[in-house]
Amino acid sequence: MKEIAKDKQIAKLKKQVEKLKSGNESLKRENRSIKGKLATAQAKADKYHDALKKKRHRKMGWTGRPSS
């Protein structure tokens, strides 16, 4: 009887370990995806801010005052 109970408990624990491993893998994959999205968003924001800065400098001219 004790052997059967131990075997059942071992099987149950093995299933839990497999479930945790697969959960960990999916979290790692999700983390990589989020980091990629963040890098893309930062690059787009930098590009946008650089364009604004260039546009502002063109309007200011060499005098440092807006030329409107």
Side-chain angles (χ1 to χ4, degrees):
M1 286 290 258
K2 289 183 180 179
E3 293 294 321
I4 294 172
K6 283 184 182 179
D7 289 343
K8 285 183 179 180
Q9 189 176 11
I10 289 172
K12 184 178 176 182
L13 291 173
K14 282 183 180 179
K15 284 182 182 179
Q16 285 180 342
V17 167
E18 288 301 318
K19 188 175 181 181
L20 290 173
K21 280 184 182 179
S22 66
N24 188 24
E25 288 173 6
S26 67
L27 285 175
K28 285 182 181 179
R29 188 174 33 246
E30 199 173 310
N31 189 23
R32 281 194 306 266
S33 173
I34 289 172
K35 284 183 179 180
K37 288 178 183 179
L38 175 64
T40 301
Q42 285 176 336
K44 286 183 178 181
D46 289 343
K47 186 177 178 182
Y48 173 75
H49 289 297
D50 286 344
L52 279 181
K53 191 184 290 184
K54 285 180 184 177
K55 188 175 181 181
R56 186 175 60 222
H57 283 299
R58 269 187 273 148
K59 280 188 175 181
M60 298 282 262
W62 63 272
T63 62
R65 286 186 262 153
S67 60
S68 304

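Position 1 is the first residue of the sequence; numbering continues from there.
- Separation of atoms OG (Ser33) and CG (Leu38) is listed at 11.0 Å; rounding is to 0.5 Å.
- Annotation for Gln9: atom CD does not count as buried by contact number, only 12 or fewer foreign heavy atoms lying within 6.0 Å.
- Rounded to the nearest 0.5 Å, atoms NE2 (His49) and NZ (Lys53) are 10.0 Å apart.
- Here the straight-line distance linking atom CD of Gln42 with atom OG1 of Thr40 works out to 9.5 Å at 0.5 Å rounding.
- Expressed to the nearest 0.5 Å, how far CD of Glu3 lies from CD1 of Ile10 amounts to 8.5 Å.
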